[in-house]
Colleague: 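Just dropping this structure here.
Labels below follow one simple rule: chain letters A, B, ... track the order of the sequence lines, proteins then strands, and each chain is numbered from 1. Note that the structure is predicted; figures quoted are calculated from it, not measured.
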There are 2 protein chains.
Amino acid sequence: MDNIKRLDQRIELLRPILGFEGVTFQQLREIADCSFEKSYSKGELIFDQGEKCEFFYIVMKGLVKVSIYGSSGNKITYLLAGTGEPLNLVGPFTGNPRYLSAESIENTSILLLRNEDFLAYTYRHPVVIKNIMSILGYAIDSANDKILDMIEKRVEQRLIKVLHTLQKKFGQRLKFTSRDFAELAGTTTESTLRAMAQFRKRGMIKSNRGEIIILDPGFMENQGFEVYWV
Amino acid sequence: MDNIKRLDQRIELLRPILGFEGVTFQQLREIADCSFEKSYSKGELIFDQGEKCEFFYIVMKGLVKVSIYGSSGNKITYLLAGTGEPLNLVGPFTGNPRYLSAESIENTSILLLRNEDFLAYTYRHPVVIKNIMSILGYAIDSANDKILDMIEKRVEQRLIKVLHTLQKKFGQRLKFTSRDFAELAGTTTESTLRAMAQFRKRGMIKSNRGEIIILDPGFMENQGFEVYWV
DNA sequence: CGGACCTTTGACAGAGCTCAAAGTCTGTGG
DNA sequence: CCACAGACTTTGAGCTCTGTCAAAGGTCCG
């Protein structure tokens, strides 16, 4: 049956995340049972800031950008979530709106769980709570780190850090536009393009429309750069 | 007995925080029983970044500044914790080091609980988990908001926002140095001093060494400024 | 084909960081 | 009780990074 197959897929998606490894198949099945899927095409809005949170979202396929808009049209990217990554860890607990919006940047399918279903389950597994706390800790540390970088690092250095971060997560071929990089580094598209021109001159990268290829992965590694958490 | 009195104090400290209201006296007593106190004089380091976390810290009396240091000596303040406020919500769950250090900025006494004691207790009370998640959510949103403000707001505006925030928390008389304000707004002492000179000219504030008095609280209220979470 | 989006580059201006020097306050220790 | 070192405040001058505005060409999609 196709339905069974689908359920299996969901179970395999859930198992490796948040500490669900230790959980029995039967239990995972229960939770997978009351989940459902939703598809979004490239560029579609998944949720917007200020909306109440009713569901817990996990990316099944594709790529999602979670970001924040400033009052003068600026935007920063807070999280890039791929397969198996959750979009909103806090929301299900409070149900309250957050200052985050999520947008698919590829064709994406999302697994949704009602808050209650996710929570009922979570409360029974301390290790899941622990892992969520740990992730939120990283998120906070990373955000604070970015604030510091805004103060003491220049655009170029922040961009190298962004490239390094993305390389660790996605490999050497990064299919993002300069605007995407700018939103990650907290700068403008123009400054990003200028910096990229520099990097190209130095032989650090190669670039086509909508993608950057990192030529010398070792270089950034050796710089002693920390990575952000995205 | 003095000991009984002390225990009562601790219980009264714990009750209003994190959703412990609903908890019976007996249970609070249990947890207060295995806590202990520690005193720090002004300017003392309570914990440093990179240390493992063994205890959950709550401020009993005084004021604590939780901050992060950058590689070139910069520093930003992440949290100002007064009576009843916890210093490290994530630490007890993971035990892992964070990028945070805490320093008393008044003579302070802290209530400490071993991670295990705090957690054992917490896991039994979903409302506590929920409240912790909620606080962490605010912390993340606030940090992201600060990043946006670093991009699109000028030093003056960020400082007004900081003053507004502190006013809400501490009232019109703010006993902080310009360096403290700078660390909150993500700028330098000099720029802060210059901005404060402006505010003084405009009749918004009055200032002495080590304190700022906000003269027109309504003004900031009406500006439609959001506040940070500190 | 046309519009939308992305890239590229130039010129310019200004916010604010840095360095510097001097004055003021405070509390610690002799 | 006084002196002095350290911390805080104040203000100036200069410089530079980078955001803003602008113009033009390339690419993709409907």
Colleague: Kindly indicate whether the side chain of B:R154 and the base of C:dG14 share any N or O donor-acceptor pair separated by less than 3.5 Å?
Modeller: no

Colleague: Side-chain donor or acceptor of B:R200 under 3.5 Å from a matching atom on the base of D:dT11?
Modeller: no

Colleague: Would you state whether a donor and an acceptor, one from the side chain of A:R179 and one from the base of C:dC5, lie under 3.5 Å apart?
Modeller: no

Colleague: Find which nucleotide of DNA chain D each of A:E156 and A:E190 is nearest to by heavy atoms, and output the residue with the more 5' nucleotide.
Modeller: A:E156

Colleague: Parallel under 30°, tilted from 30 to 60°, perpendicular over 60°: which one fits the rings of B:F47 and B:Y57?
Modeller: tilted

Colleague: If every non-hydrogen atom of A:E106 is compared with every non-hydrogen atom of A:G62, which pair is closest and at what distance?
Modeller: OE1-CA, 3.6 Å

Colleague: Mapping A:M196 and B:S191 to their closest nucleotides on DNA chain C, which lands nearer the 5' end?
Modeller: A:M196

Colleague: Between B:I151 (CD1) and C:dA15 (C1'), how many Å, whole number?
Modeller: 16 Å

Colleague: When B:D149 is tested against each of B:R158, B:Q157, B:K161 for side-chain hydrogen bond (donor to acceptor under 3.5 Å, both in side chains), which residue passes?
Modeller: B:K161

Colleague: Side chains of A:S67 and A:E103 only: does a donor on one sit below 3.5 Å from an acceptor on the other?
Modeller: no

Colleague: When we call it a touch if two heavy atoms are under 4.0 Å apart, what does B:T187 touch: a base, just sugar-phosphate, or nothing?
Modeller: sugar-phosphate

Colleague: Return the nearest nucleotide to the side chain of B:L193; candidates are C:dT7, D:dT10, C:dT9.
Modeller: D:dT10

Colleague: Between C:dC17, D:dT11, C:dT7, which one does the side chain of B:V155 approach most closely?
Modeller: C:dC17

Colleague: Ignoring hydrogens and angles, answer whether the base of C:dG10 and the side-chain atoms of A:R194 contain a donor-acceptor pair closer than 3.5 Å.
Modeller: yes

Colleague: Using a cut-off of less than 4.0 Å, is there contact between a side-chain N or O of B:S178 and OP1 or OP2 of D:dT9?
Modeller: yes

Colleague: Whole angstroms only, please: what is the CD-P distance between B:Q198 and D:dG12?
Modeller: 11 Å

Colleague: As a test of reading the structure: which of C:dT9, C:dT18, C:dC25 is closest to the side chain of B:T188, going by heavy atoms?
Modeller: C:dT18

Colleague: Provide, to the nearest angstrom, the distance between the CZ atom belonging to A:F176 and the P atom belonging to C:dC6.
Modeller: 14 Å

